[in-house]
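One structure is given here, and the rest of the page talks about it.
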Amino acid sequence: MASHTIRVTLPDGTELELPRHATAAEAAKRIGPGLAKAALAAEVDGEIVDLTRPLEADCDLRILTERDSEALELLRHSAAHVLATAVRNRVPGAEIGFGPAIEDGFYYDFGVEEPFTPEDLEAFEEEVRRVIEADHPFERRRVTKEEARELFHDDPLKLERLEEFEDDEVITVYRDGPFLDLCRGPHVPSTGRVRNVKLLSAAGAYWRGDERRQMLQRIYGTAFFKEKELEEHLERLEEAKKRDHRVLGQELDLFAVDQRVGPGFILWRPHGSLIRNEIEEYEKELILRHGYEIVYTPHIMSERLFEISGHLENFGEDMFGAMDMKGVRYRAKPMNCPGHICIYQAAQRSHRELPIRYAEFGTVYRYERTGVLHGMLRVRGFTQDDAHVFCTEEQVPGEIEALLDLVDEMLQVFGYPYTLTVATRPEKALGSEEQWARAEHALKSVLEGRGIDYDVDEGGGAFYGPKLDFQLIDAIGRKWQGPTVQLDFNLPERFEIEYVGEDNERHRPVMLHRVLIGSMERFVGGLIEHYAGAFPLWLAPVQVRILPISEQWLEDAREFVQELRDLGIRAELKARETLSYRIRDGEVRKVPYMGVIGEREVEGGTVAVRRRGAGKKQEVMDREAFVERLLEEIRTRALG
RNA sequence: GCUCCGGUAGCUCAGUGGUAGAGCGCUUCCUUGGUAAGGAAGAGGUCGAGGGUUCAAUUCCCUCCCGGAGCUCCA
């Protein structure tokens with residue numbers, strides 16, 4: 001027998017007695033008028049629902065306000081509906097696609113005759129404000145599939161989506177004023193609760209993400225509860241724009257792409273090359289210390305090798321075409337592993353030799369589709385800091401341990417915090433389930449043994465083995481793909497690689513692919529943005545500029561520059577223009593140190609040192625002390 | 001690859017159906033400087049490429065190349 005009242009338990013443990021079918025909004029009102037006003041939605045037994053949802057039975061209830069982290073997604077999803085309402089008001093014939101909340105905002109896809117222009121976006125933003133002012137309540141309705149077909153008879157995209165529902169499935173629609181959408185919800189109570197909306201951009205997007213389907217027009221936007229948060233978000237976008245490696249790469253003379261060379265190929269100019277070289281030198285020292293051996297393999301190899309490796313079959317579309325030389329076909333390598341395997345196979349290997357770790361700054365070529373190319377971040381020719389570890393299955397945990405140390409050491413040097421993800425067996429996978437389970441267990445238990453937090457990407461591994469990925473977090477909080485370690489059950493089989501065990505039998509070793517930096521191009525591109533072009537001293541292309549105040553002190557300055565160069569410091573003499581001009585130029589070029597030399601400095605054997613970004617604050621130092629400071633900062637690879 | 005936007009001096013960009021502009025940079029000269037641009041003069045362009053319309057095309061139209069915002073993709 002159902003009673004007429006229900007018991008509602010609040011997060012603090014107190015209980016409310018409410019009439020059955022009371023709504024969450026009514027519950028909020030019972031708790032307090034302030035909460036009732038601030039309420040946006042409710043969590044009932046762990047499920048987030050609209051405030052208008054009747055409570056049918058005893059339950060746990062939490063009222064969500066803008067202070068709750070879940071609320072932002074709600075706001076943005078509702079903002080997407082407000083956008084669609086606005087677009088439909090202006091363009092009545094617009095077909096409506098999907099409009100979800102995403103990481104930093106929301107989008108909505110529309111099928112329209114004419115693509116949207118920036119002026120359209122402004123008009124829509126104006127209309128969005130009107131829809132918000134109108135304060136239409138969001139009304140949820142449960143409908144049958146038949147009813148829904150009727151409601152959306154003018155919306156072909158929605159009808160298509162509708163047909164995917166089971167006949168007896170719960171279908172809900174939401175109305176706000178004139179706009180009706182097929183939507184699971186929940187939403188904020190009314191359009192008036194949506195605030196601080198900014199439409200950011202419009203671009204084409206395929207219906208259902210399928211490139212064979214209709215192209216819709218997607219509008220991206222974002223929304224925040226507080227105006228200040230919106231402003232800060234827009235400032236972050238501005239900041240990201242200022243850090244764009246393509247802009248800084250041009251300004252600081254680091255790299256270029258040249259139409260004559262071809263799309264997706266990077267020309268490293270001298271200053272960019274210096275940075276890259278420093279990184280490579282550092283990494284070589286690091287990995288030699290960690291027991292790697294450095295190898296080199298050719299850029300062009302016989303196609304036969306890629307038939308054995310399976311690259312041609314699985315990856316052929318992305319490889320550069322074959323070069324036919326007197327009947328033998330050759331390919332630019334898309335990966336370094338086959339070459340390393342050939343080196344491994346140059347001799348019969350004993351378990352006593354393992355693990356064998358081959359490392360190469362290996363340049364590979366991949367024919368990426370034109371639309372994906374992007375500065376240094378996505379290119380067609382790039383150099384990986386690639387390594388392959390050949391070991392026994394028992395040695396895998398130890399190798400993972402060693403790698404965690406290596407990665408941690410390296411990422412600290414560059415100043416990147418990071419997170420980890422273990423990617424597990426996908427549906428289609430090579431190797432036995434036990435093999436995968438053992439490998440995944442090995443990865444996870446090493447991490448757990450060290451008390452390291454990690455995410456799991458279920459089914460995200462490659463078909464040939466599980467993966468451990470590191471995500472870097474840059475100076476403005478963006479995530480970048482970092483080091484990866486990949487177990488490989490495939491290539492050892494294909495190449496039939498072996499070692500002789502203690503039992504004098506042949507065994508198949510396990511192979512690990514790993515990159516730390518990934519691609520030099522992408523990593524340096526990322527670093528440019530991470531440091532906003534202001535590289536720490538050890539990486540700065542020009543470390544010190546010496547500025548004599550007038551030609552009178554030129555000779556002294558020249559000698560000092562040479563002294564610095566003799567110590568391996570990248571010093572430059574800048575003597576021509578006015579001092580102010582040279583200071584400004586040094587700051588704009590982000591030179592870490594400038595040393596001014598005038599009458600006083602020549603007499604005292606000192607130098608007036610100005611640190612990048614420190615403004616007028618200068619420090620007159622003995623030259624010896626200045627040199628010491630530079631050498632120490634370079635030696636420790638200080639982040640500055 | 002797809003949709004849209006763009007390509008003008010080394011760089012950033014303005015402009016026009018009738019002989020092409022600015023700022024920075026570069027060269028030369030003057031200035032000999034004390035902490036974010038001293039002054040002057042000069043050089044520098046097949047207006048992305050090809051085709052079409054036109055008396056005339058950098059400008060309008062078409063094709064291609066390259067770049068950008070996204071989509072898709074990143075084994």
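Numbered from 1 within each chain, the chains take letters A, B, ... in sequence-line order.
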Of A/Q384 and A/P115, the one whose nearest nucleotide on RNA chain B sits closer to the 5' end is A/P115
Between A/Q259 and A/G598, the residue closer to the 5' end of RNA chain B by nearest nucleotide is A/G598
What contact category does [X] fall into here, base, sugar-phosphate, or nothing, at under 4.0 angstrom with non-hydrogen atoms?
X: A/R610; answer: base
X: A/E587; answer: base
X: A/Q250; answer: sugar-phosphate
X: A/G371; answer: base
X: A/T578; answer: base
X: A/R212; answer: nothing
X: A/H311; answer: base
X: A/A202; answer: nothing

To the side chain of [X], which of [options] is closest?
X: A/R218; options: B/rA69, B/rC71, B/rU32; value: B/rC71
X: A/A608; options: B/rU32, B/rA37, B/rG34; value: B/rG34
X: A/R369; options: B/rG1, B/rC74, B/rA69; value: B/rG1
X: A/S550; options: B/rU72, B/rC4, B/rG33; value: B/rG33
X: A/Y206; options: B/rU35, B/rA36, B/rC71; value: B/rC71
X: A/Q217; options: B/rU32, B/rA36, B/rU3; value: B/rU3
X: A/R600; options: B/rA37, B/rG34, B/rC73; value: B/rG34

- [ ] Could you tell me whether A/E239 and A/R236 have a side-chain N and a carboxylate O separated by less than 4.0 Å?
- [x] no
In whole Å, measure the gap between the [atom1] atoms of [N] and [M] for me.
N: B/rG17; M: B/rU12; atom1: P; value: 26 Å
N: B/rG15; M: B/rU59; atom1: P; value: 16 Å
N: B/rG1; M: B/rC64; atom1: P; value: 10 Å
N: B/rG10; M: B/rG44; atom1: C1'; value: 9 Å
N: B/rC4; M: B/rC62; atom1: P; value: 12 Å
N: B/rA43; M: B/rU32; atom1: P; value: 27 Å
N: B/rU16; M: B/rU3; atom1: P; value: 29 Å
N: B/rU8; M: B/rC13; atom1: C1'; value: 9 Å

What integer distance in Å separates [X]:[atom1] from [N]:[atom2]?
X: A/L373; N: B/rC65; atom1: CG; atom2: C1'; result: 14 Å
X: A/R260; N: B/rA49; atom1: CZ; atom2: C1'; result: 15 Å
X: A/I546; N: B/rG33; atom1: CD1; atom2: P; result: 20 Å
X: A/R584; N: B/rG25; atom1: CZ; atom2: P; result: 9 Å
X: A/D258; N: B/rC11; atom1: CG; atom2: C1'; result: 15 Å
X: A/E577; N: B/rU28; atom1: CD; atom2: P; result: 12 Å
X: A/F116; N: B/rA69; atom1: CZ; atom2: C1'; result: 15 Å
X: A/M594; N: B/rG34; atom1: CE; atom2: C1'; result: 14 Å

Pairing nucleotide - [N], Watson-Crick or G-U, each distance under 3.5 Å:
N: B/rC26; result: B/rG42
N: B/rA69; result: B/rU3
N: B/rU63; result: B/rA49
N: B/rA36; result: none
N: B/rG18; result: B/rC55

- Query: Within the distance-only criterion (no hydrogens, no angle test), does the side chain of A/E360 pair as donor or acceptor with the backbone N or O of A/D386 below 3.5 angstrom?
  - Reply: no
- Are the side chain of A/R76 and the backbone N or O of A/F106 linked by a donor-acceptor pair below 3.5 Å? no
Checklist line | Ring-face cation contact, A/Y593 with A/R610, 6.0 Å cut, 45° max | finding: no
Should we say atom [atom1] of [X] is surrounded by more than 12 heavy atoms from elsewhere, each under 6.0 Å from it?
X: A/K198; atom1: NZ; answer: no
X: A/E73; atom1: CD; answer: no
X: A/E624; atom1: CD; answer: no

Any donor-acceptor pair under 3.5 Å joining the side chain of [X] to the base of [N]?
X: A/Q552; N: B/rU32; answer: no
X: A/E601; N: B/rG34; answer: yes
X: A/R213; N: B/rC71; answer: no

- Message: side chain to side chain contact (heavy atoms under 4.5 Å, CB included), that's the test. Do A/E493 and A/R508 meet it? Break it down for me.
- Response: CA-CA 8 Å; A/E493 290 293 332; A/R508 189 123 299 161; 3.1 Å; yes
Short side-chain N/O contact from [X] to OP1 or OP2 of [N], under 4.0 Å:
X: A/H374; N: B/rG67; value: no
X: A/T370; N: B/rG1; value: yes
X: A/Y581; N: B/rG34; value: no
X: A/R246; N: B/rA69; value: yes

task: Please assess A/D318 against A/R369 for the test salt bridge (Lys or Arg N to Asp or Glu O under 4.0 Å), listing each intermediate value before the final yes or no.
output: CA-CA 8 Å; A/D318 299 303; A/R369 295 164 79 177; over 6 Å; no
